[in-house]
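Shown next, in structure tokens, is the structure this report addresses.
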Amino acid sequence: MTIDFKMKAPIPEWEPLFEQGRTSVVERFSVLKDVTPTEAQTMTDVLAEMDNQGVTHAVILGRNNQAGSSNAELLDFLSSNEGERFFGFIGIEDMTVEEAVETIHKYAATGRFHGVAANPAKIRPLTPIGDPSLDPIFEACMEHDLPFCMTLSMLITLLADGADYDYIHPRQLIRVLEKYPDLDLIISHAAWPFVQESIAVAVHYPNLYLCPDFYMGFPGAEQYMEAAAKGLDDQVLYASCYPNVPYDYAMKHYRSTDLPAHIMAKIMEGNARRLLKMEG
């Protein structure tokens with residue numbers, strides 16, 4: 001069984017995000033030029049693909065409060081029968097710190113969300129993730145016992161207004177990890193291309209998790225799995241970033257290693273189960 005720690009789904013009103021995601025990354029990176037986008041369009045299609053790949057549950061990282069990507073729309077989906085296989089993270093993009101904290105309190109109170117998510121380059125004003133001015137966000141996560149998932153990668157540098165290459169460096173997190181040792185932090189995209197740097201920070205801080213998702217097919221990404229074999233087996237997560245890449249692509253690159261079965265079980269399911277506080 002597998003838990004996908006990052007994907008988009010065509011939930012009501014989010015369909016344009018799903019449609020854009022099917023080709024946006026594939027068209028941007030030459031390393032993905034031979035990847036055939038998923039043909040799935042409806043939620044029924046997506047669930048069928050999940051079943052085909054043995055994905056029992058998936059995490060949807062929220063965006064913000066704008067129509068078409070809002071926490072309210074995600075909440076409605078998570079509260080429906082169709083949302084039973086999904087875990088939602090509260091999105092705080094395109095918000096100030098004060099707005100983000102208010103949003104965390106509001107949606108954490110519903111009991112339907114299992115974390116907080118942001119592309120840090122979309123917190124206003126543009127602020128490095130390790131800056132003390134963002135501490136109220138981390139403290140709100142701590143108050144509600146929610147992990148914080150941030151997206152850090154070269155893609156963020158390419159897409160964000162004003163974010164420079166150094167912005168995605170995982171050393172930005174050291175102060176936060178030191179100050180909040182009981183807060184679970186997850187790096188979606190695993191800060192690629194700073195592969196060794198993100199691994200090094202995770203080695204020192206057991207509350208940091210690496211989630212390489214589609215970057216597992218990029219140069220140097222095999223080091224994430226090597227790190228899992230050498231002691232980071234509790235801190236690496238499987239994610240597809242579907243539909244940016246299809247499920248067979250993500251599965252192929254995660255499973256193309258010779259890791260022992262018990263380590264693969266942690267990466268593909270066990271570590272996510274622990275972070276999401278799933279029973280059993």
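Basis for what follows: all heavy atoms, side chains included, without hydrogens, waters or symmetry-related copies.
- The backbone N or O of Asp234 lies less than 3.5 Å from a partner atom in the side chain of Arg274, making a donor-acceptor pair.
- Within the 3.5 Å criterion, the main-chain N or O of Gly130 finds a donor-acceptor partner in the side chain of Arg175.
- Asp233 contributes atom CG, which lies 7.5 Å from atom CD1 of Ile267 (distance to the nearest 0.5 angstrom).
- When all heavy atoms of Leu134 and Pro128 are compared, the closest pair comes out as CD1-O, 3.6 Å.
- Here the OG-CZ distance, from Ser240 to Phe5, works out to 12.5 Å after rounding to the nearest 0.5 Å.
- Placement of Met7 and Met1 in two distinct hydrophobic clusters is found when ILVMFWY residues are connected by side-chain heavy-atom separations under 4.5 Å, directly or transitively.
- Contact check for Tyr254 versus Tyr224: no side-chain heavy atoms found under the 4.5 Å cut-off.
- Glu139 CD: more than 12 foreign heavy atoms inside a 6.0 Å radius.
- You'll find the side chain of Leu74 stays beyond 4.5 Å of the side chain of Phe89, heavy atoms only.
- The main-chain N or O of Thr127 is found under 3.5 Å from a side-chain atom of Tyr167 such that the two form a donor-acceptor pair.
- Heavy atoms only, all atoms of each residue included: Val236 and Pro212 are closest at CG1-CD, 4.5 Å.
- Minimum heavy-atom separation, Leu152 to Pro120: CD2-CG, 4.0 Å.
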message: Is there a side-chain contact (heavy atoms from CB on, under 4.5 Å) between Ile123 and Met95? Walk through the geometry before answering.
response: CA-CA 5 Å; Ile123 297 175; Met95 299 180 189; over 6 Å; no
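- Counting only heavy atoms from C-beta outward, the side chains of His114 and Leu275 never approach each other to under 4.5 Å.
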- request: Kindly indicate, with the supporting measurements, whether the criterion side-chain contact (heavy atoms from CB on, under 4.5 Å) is fulfilled by Ile60 and Phe77.
  value: CA-CA 11 Å; Ile60 300 175; Phe77 172 72; 3.9 Å; yes
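- In plain terms, the two heavy atoms of Ala191 and Ile187 that are nearest each other are N-CG2, 3.5 Å.
- At least one side-chain heavy atom of Val46 sits less than 4.5 Å from a side-chain heavy atom of Phe18.
- Side-chain contact check for Gln53 versus Thr2: every heavy-atom pair is 4.5 Å or farther apart.
- Electrostatic pairing of Arg171 and Asp166 counts as a salt bridge here, judged by a charged N lying under 4.0 Å from a carboxylate O.
- Note: the hydrophobic cluster containing Leu237 also contains Met278 (ILVMFWY, side chain heavy atoms under 4.5 Å, direct or indirect links).
- The NZ atom of Lys266 sits 11.5 Å away from the CG atom of Leu259 when rounded to the nearest 0.5 Å.
- Take Pro136 and apply the side chain to side chain contact (heavy atoms under 4.5 Å, CB included) test, not counting sequence neighbours, and it matches Val97, Val101.
- The aromatic ring centroids of Phe214 and Tyr249 lie 6.0 Å or more from each other.
- From Glu269, atom CD reaches atom CG of Leu276 across 10.5 Å, with rounding to the nearest 0.5 Å.
- Listed by chain and number, the residues in a salt bridge (charged side-chain N to carboxylate O under 4.0 Å, His left out) with Asp131 amount to none (sequence neighbours excluded).
- No side-chain donor-acceptor contact under 3.5 Å links Trp192 to the backbone of Leu155.
- Remark: Glu73 engages no residue in a salt bridge (charged side-chain N to carboxylate O under 4.0 Å, His left out) (not counting sequence neighbours).
- Checked against side chain to side chain contact (heavy atoms under 4.5 Å, CB included), Glu143 has the following partners two or more places apart in sequence or in another chain: His105.
- Taking 4.5 Å as the limit, some side-chain heavy atom of Arg22 sits within range of a side-chain heavy atom of Gln41.
- In the displayed structure, Lys277 atom NZ is contacted under 6.0 Å by more than 12 heavy atoms of other residues, nucleotides or ligands.
- One side chain, Asp45 or Thr42, offers a donor N or O that lies under 3.5 Å from an acceptor on the other.
- Using modelled atom types and a 3.5 Å distance limit, the side chains of Asn207 and Tyr180 yield no donor-acceptor pair.
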message: Ile129 vs Leu173, test: side-chain contact (heavy atoms from CB on, under 4.5 Å). Steps then yes/no.
response: CA-CA 7 Å; Ile129 192 65; Leu173 294 171; 3.7 Å; yes
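- Considering OH of Tyr238 and CE of Met264, their distance stands at 10.0 Å, rounded to 0.5 Å.
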message: Please determine whether side-chain hydrogen bond (donor to acceptor under 3.5 Å, both in side chains) holds for the pair Thr103 and Asn71, giving the CA-CA distance in whole Å, both sets of side-chain angles, and the decisive distance to 0.1 Å.
response: CA-CA 9 Å; Thr103 298; Asn71 291 305; 5.3 Å; no
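- Relative ring orientation between Tyr242 and Tyr247 is described as parallel, the plane-to-plane angle staying below 30° on a 0-90° scale split at 30° and 60°.
- In terms of heavy-atom proximity, Leu183 sits nearest to Cys141 at CD1-CB, 3.9 Å.
- A donor-acceptor pair shorter than 3.5 Å can be found between the side chains of Asp213 and His189.
- Smallest separation of non-hydrogen atoms from Lys8 and Leu17: CD-O, 4.1 Å.
- Ring orientation note: the planes of Phe87 and His57 are tilted relative to one another, at an angle of 30° to 60°.
- The salt bridge (Lys or Arg N to Asp or Glu O under 4.0 Å) contacts involving residues 78-104 comprise Asp51-Arg85, Asp94-Arg124, where partners must be two or more places apart or lie in separate chains.
- The CG atom of Asp184 sits 10.5 Å away from atom CG of Asn271, with the distance rounded to the nearest 0.5 Å.
- Glu13 and Ser70 share no donor-acceptor pair across their side chains, judged by distance under 3.5 Å alone.
- With contacts defined as side-chain heavy-atom distances shorter than 4.5 Å, the pair Val26/Asn244 does not qualify.
- Gln223 contributes a side-chain N or O that, together with a main-chain N or O of Gly220, makes up a donor-acceptor pair within less than 3.5 Å.
- Contacts of Tyr107 classified as ring pair (Phe, Tyr, Trp, His ring centres under 6.0 Å), with partners at least two apart in sequence or in another chain: Phe113.
- In this structure, a donor-acceptor pair under 3.5 Å is absent between the side chains of Gln235 and Tyr205.
- Phe194 is not listed as a side-chain neighbour of Val201, based on a closest heavy-atom distance of 4.5 Å or more.
- Side-chain polar atoms of Thr151 and Asn119 form no donor-acceptor pair below 3.5 angstrom.
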field: Evaluation steps, side-chain contact (heavy atoms from CB on, under 4.5 Å), between Val55 and Met251
entry: CA-CA 10 Å; Val55 177; Met251 286 289 186; 3.7 Å; yes
